[in-house]
Amino acid sequence: MLSIVSTPIGNLGDITLRALETLKKCDGIVCEDTRVTGQLLKLLDLPKKELLSCHGYSNPRKVDDIVRRLVEGQNLVLVSDAGTPGISDPGYALVSRARAERIPIEVIPGPAAFLAALSASGLPINRFVYLGFLPMKKGRQTLLHSFKDEERTIVFYESVHRIEKTINELAEALKDQPDRHVVIARELTKMHEEVISTTVAGLPETATSMVKKGEFVVIIGAV
Ligand code: SAM
């Protein structure tokens with residue numbers, strides 16, 4: 001059995017009862033960074049487990065080895081460093097191979113930063129489009145300008161290194177829609193959690209004044 005388990009995005013208290021139970025009884029854990037997952041087990045007071053590192057840059061033979069273990073009947077858990085596996089994180093390759101091999105799969109849902117940000121945003125979220133991280137170069141400007149016509153709420157991830165640049169680029173790309181709502185969520189579920197509600201017109205000021213530390217989700221209201 002392959003169990004796909006979501007883990008907290010900052011606050012340890014967000015681990016679910018099913019996640020705890022599954023991590024406790026599994027034979028091994030497939031993770032991104034063995035140090036991060038080892039530390040999580042320690043903080044949650046869970047028994048040590050074999051940690052199998054498997055990330056985006058892993059040799060495909062790693063996936064073969066994990067699939068072989070699953071076929072032999074091992075109960076393995078898939079986690080990422082934080083949040084939901086496969087959401088702007090590794091996981092897809094293994095889950096897709098496991099499905100092709102008809103290995104039983106269960107999902108233990110839990111935190112994902114974009115969902116937490118959307119529900120805290122105060123914007124209409126019945127229809128939204130999740131873009132993960134924006135492309136850094138090719139297609140970036142075309143994508144930013146396409147937001148002008150997007151009728152659904154847009155949500156994407158941004159790193160601390162690019163948040164200021166991205167906010168300023170958004171202000172420029174959407175300058176004809178100054179009243180459009182923008183929400184920037186920072187450090188959700190952590191001590192310095194902050195949700196900034198502004199508009200396109202307010203973005204340059206936000207870019208200057210906001211604390212540029214931690215992890216960010218950006219949300220743009222529908223046209
Ligand atoms: N798998 C994760 C999930 O389910 O949300 C996302 C992993 S992705 C590599 C990491 C990005 O998610 C960060 O750069 C940031 O944009 C966003 N993120 C993760 N934790 C966050 C938090 N506590 N507050 C705000 N954004 C967060």
Side-chain angles (χ1 to χ4, degrees), residues 2-16 18-19 22-23 29-37 39-40 43-44 51 53-58 77-96 106-123 125 128-136 140 143-144 147 153-170 182-198 203 206-207 210-220:
L2 175 66
S3 306
I4 305 163
V5 172
S6 299
T7 57
I9 56 168
N11 188 322
L12 218 54
D14 293 334
I15 192 80
T16 66
R18 281 185 74 208
T22 309
L23 288 165
I29 304 173
V30 182
C31 57
E32 278 184 86
D33 184 332
T34 54
R35 287 162 306 182
V36 172
T37 301
Q39 181 66 6
L40 180 72
L43 290 170
L44 292 170
L51 300 177
S53 130
C54 186
H55 44 73
Y57 307 105
S58 290
V77 168
L78 170 67
V79 297
S80 59
D81 282 353
T84 296
I87 300 295
S88 298
D89 264 340
Y92 156 75
L94 177 58
V95 177
S96 136
E106 66 172 0
V107 66
I108 289 98
F114 78 94
L115 287 177
L118 284 168
S119 59
S121 70
L123 297 177
I125 51 171
F128 63 84
V129 51
Y130 167 70
L131 298 175
F133 288 97
L134 301 184
M136 278 192 251
R140 183 178 171 91
L143 181 62
L144 286 170
F147 292 175
T153 293
I154 301 164
V155 57
F156 63 88
Y157 287 164
E158 193 47 279
S159 80
V160 68
H161 311 293
R162 278 185 300 276
I163 189 70
E164 188 170 0
K165 176 175 179 274
T166 298
I167 291 175
N168 284 322
E169 285 179 350
L170 261 182
V182 179
V183 170
I184 299 161
R186 183 176 83 83
E187 294 288 84
L188 291 169
T189 76
K190 304 186 201 176
M191 198 194 313
H192 298 292
E193 171 173 311
E194 188 179 18
V195 178
I196 301 167
S197 295
T198 184
L203 283 176
T206 304
M210 70 186 283
V211 179
K212 284 163 281 279
K213 276 190 195 153
E215 302 190 278
F216 299 85
V217 182
V218 179
I219 304 175
I220 303 160

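Both backbone and side-chain heavy atoms feed into the values below; hydrogens, waters and symmetry mates do not. Remember, it's a predicted structure, so these values are computed and weren't measured experimentally. One-based numbering, in listed order, for ligands and for the atoms of each.
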Return yes or no for this condition: an N or O of [X] is under 3.5 Å from an N or O of ligand 1.
X: I9; answer: yes
X: A185; answer: no
X: D89; answer: yes
X: T189; answer: no
X: E158; answer: yes

Could you please spell out the steps behind the side-chain contact (heavy atoms from CB on, under 4.5 Å) verdict for V211 and H192? CA-CA 10 Å; V211 179; H192 298 292; over 6 Å; no
Could you check whether atom CZ of R35 has more than 12 heavy atoms from other residues, nucleotides or ligands sitting under 6.0 Å from it?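 No, the 6.0 Å shell around CZ holds no more than 12 heavy atoms from other groups.
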Return yes when atom NZ of K213 has more than 12 non-hydrogen atoms of other residues, nucleotides or ligands closer than 6.0 Å, and no otherwise.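 No, the 6.0 Å shell around NZ holds no more than 12 heavy atoms from other groups.
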I'd like to know if the side chain of T189 and the backbone of N11 have a donor-acceptor N/O pair within less than 3.5 Å.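 Yes, T189 side chain to N11 backbone: donor-acceptor pair under 3.5 Å.
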Quick one: does S197's side chain have a donor or acceptor within less than 3.5 Å of a partner on V182's backbone?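 No; judged by distance alone, with no hydrogens or angles, the pair does not exist.
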Residue-level breakdown please: for A82 versus ligand 1, do any non-hydrogen atoms fall below 4.0 Å on the side chain, on the backbone, on both, or on neither?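 Just the backbone.
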Nearest non-hydrogen contact with atom 12 (O) of ligand 1 belongs to which option: F133, Y157, F114, Y130?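 Among F133, Y157, F114, Y130, the closest heavy atom to atom 12 (O) of ligand 1 comes from Y157.
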Top protein contact for [atom], by heavy-atom distance:
atom: atom 25 (C) of ligand 1; answer: E215 O, 3.2 Å
atom: atom 16 (O) of ligand 1; answer: F216 O, 2.6 Å
atom: atom 24 (N) of ligand 1; answer: L188 N, 2.9 Å
atom: atom 8 (S) of ligand 1; answer: S88 O, 3.6 Å

